[in-house]
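To start, the structure itself, in structure tokens.
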Amino acid sequence: MFTNEDIVKLRKRTNAGMMDCKNALTETNGDLDKATEWLREKGIAKAAKKADRIAAEGLVYSYIHMGGKIGVLVEVNCETDFVSRSDNFVALCKDIALHIAASKPLYVDQTEVPVDVLNHEKEILRTQALNEGKPEAIVDKMIEGRVKKFYEDVCLLDQPFVKDPSKTIRDIVNEAILTIGEKISIRRFTRYEMGEGLEKRSDNFAEEVMSQMK
């Protein structure tokens with residue numbers, strides 16, 4: 001449908017990331033012009049133009065789940081102190097912290113996933129596919145699709161936004177970049193869960209967090 005050369009061409013045309021370009025071409029059946037428009041509609045192309053700018057201001061935002069069951073610290077960066085104190089930026093930080101509390105990401109993005117962790121996951125997925133009786137010829141293609149789902153499970157930017165699953169956290173950040181007009185990036189986060197690792201009853205924290213937001 002499209003080649004690596006097409007991905008590179010789209011990247012040069014829009015400055016968007018390789019994965020975003022690949023997704024755009026997938027959504028538009030390899031049409032470069034339509035893929036360019038897709039990236040612009042998503043706000044990715046405009047956001048990418050700000051990617052090389054320095055974002056050294058921002059907030060370390062804290063969120064404590066009611067009753068002290070979950071605590072989140074997230075550092076979100078922007079370019080100016082003025083923006084870091086704006087209502088829009090603070091609201092973005094709050095949404096990101098709430099999402100982390102509910103969705104338990106392990107990494108900010110795909111680049112943070114250790115190679116050994118990814119390779120181990122691929123081996124598990126390969127074994128699962130072969131055990132399902134899938135032909136060897138299509139196993140690699142299946143693994144590619146399932147790795148994408150793995151990233152959606154563990155990478156913050158790839159996760160569906162808990163308040164609007166039609167968008168990812170990356171979409172939310174890109175929308176904020178367009179609204180605020182500065183480079184914005186999520187640098188790091190820490191999530192604490194009371195009693196984590198200890199034997200206890202299972203609670204649906206995502207539902208609890210959402211219920212507090214109503």
Side-chain angles (χ1 to χ4, degrees), residues 1-8 10-11 16-27 30 35 39 42 44 48 51 70-76 95-174 185-200 202-207 209-210:
M1 186 164 53
F2 60 86
T3 65
N4 287 336
E5 185 178 344
D6 293 326
I7 296 175
V8 172
L10 184 59
R11 176 171 170 75
M18 296 293 282
M19 187 58 64
D20 288 325
C21 290
K22 183 178 180 180
N23 290 339
L25 288 166
T26 300
E27 291 293 328
L39 287 170
K42 290 282 188 179
I44 294 172
I70 301 175
V72 171
L73 286 174
V74 58
E75 179 180 343
V76 185
D95 277 344
I96 293 170
L98 286 169
H99 174 90
I100 292 170
S103 297
K104 301 183 181 181
L106 300 177
Y107 313 99
V108 173
D109 60 24
Q110 296 176 18
T111 65
E112 289 191 355
V113 180
V115 173
D116 58 333
V117 171
L118 182 59
N119 288 339
H120 179 66
E121 185 67 21
K122 286 181 177 179
E123 285 302 314
I124 292 174
L125 294 174
R126 174 177 291 278
T127 300
Q128 288 176 347
L130 292 174
N131 287 342
E132 291 168 6
K134 306 298 182 184
E136 183 78 36
I138 68 168
V139 166
D140 287 340
K141 196 69 177 177
M142 289 184 61
I143 289 175
E144 183 178 333
R146 293 181 181 184
V147 165
K148 181 180 178 183
K149 179 62 172 64
F150 168 72
Y151 283 138
E152 290 174 358
D153 288 339
V154 302
C155 296
L156 174 61
L157 290 175
D158 292 317
Q159 288 185 330
F161 182 34
V162 69
K163 290 170 65 175
D164 182 359
S166 69
K167 300 176 181 179
T168 65
I169 293 298
R170 181 178 283 104
D171 293 333
I172 299 303
V173 171
N174 285 334
S185 60
I186 303 171
R187 185 181 176 209
R188 54 188 171 175
F189 67 86
T190 300
R191 181 186 184 278
Y192 296 99
E193 184 172 318
M194 191 274 296
E196 191 168 25
L198 302 177
E199 187 176 346
K200 58 178 182 175
S202 177
D203 291 319
N204 191 327
F205 287 118
E207 289 184 2
V209 171
M210 291 300 294

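Applying the salt bridge (Lys or Arg N to Asp or Glu O under 4.0 Å) test to Asp6 and every residue at least two apart in sequence or in another chain returns nothing. Taking Pro114 as the reference, Tyr107, Asp116, Val117 meet the side-chain contact (heavy atoms from CB on, under 4.5 Å) condition, with sequence neighbours excluded. Not a single salt bridge (Lys or Arg N to Asp or Glu O under 4.0 Å) links Lys141 to another residue, sequence neighbours left out. Checked against side-chain hydrogen bond (donor to acceptor under 3.5 Å, both in side chains), Gln159 has the following partners two or more places apart in sequence or in another chain: His99. With sequence neighbours left out, the salt bridge (Lys or Arg N to Asp or Glu O under 4.0 Å) criterion links Arg146 to Glu132. For Leu106, the side-chain contact (heavy atoms from CB on, under 4.5 Å) criterion is met by Val154, not counting sequence neighbours.
Nearest heavy-atom pair across Glu152 and Asp158 is CG-O, 3.7 Å. The nearest pair of heavy atoms linking Pro160 to Pro165 is CB-O, 3.7 Å.
Counted by atom type alone, Asp171 and Thr168 present one or more donor-acceptor pairs between their side chains at under 3.5 Å.
No side-chain donor-acceptor contact under 3.5 Å links Arg191 to the backbone of Val72.
Rounded to the nearest 0.5 Å, atoms CZ (Phe161) and OG (Ser166) are 10.0 Å apart. Atom CD1 of Ile143 and atom CD1 of Ile138 lie 10.5 Å apart (nearest 0.5 Å). The NE2 atom of His120 sits 10.0 Å away from atom CG of Leu125, with the distance rounded to the nearest 0.5 Å. Distance CG/Leu156 to CD1/Ile96: 7.0 Å, rounded to 0.5 Å. Note that CE of Met142 and CG of Leu130 are 9.0 Å apart. Values are rounded to the nearest 0.5 Å. Interatomic distance, Ile100 CD1 to Ile169 CD1, rounded to the nearest 0.5 Å: 8.0 Å.
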In sequence, state the C-alpha distance, the side-chain angles, and the governing distance for Tyr151 and Leu118, and then conclude on side-chain contact (heavy atoms from CB on, under 4.5 Å). CA-CA 9 Å; Tyr151 283 138; Leu118 182 59; 3.3 Å; yes

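Within the 4.5 Å cutoff, side-chain heavy atoms of Asn4 are placed close to those of Ile7. Looking at Val162 and Leu98, their side chains never come closer than 4.5 Å, going by heavy atoms from C-beta outward. Under the 4.5 Å side-chain criterion, counting only non-hydrogen atoms from C-beta, Lys148 is in contact with Asn23. Side-chain contact between Phe2 and Leu10 is absent, with no heavy-atom pair separated by less than 4.5 Å. Between Arg187 and Val108 there is no side-chain heavy-atom pair separated by less than 4.5 Å.
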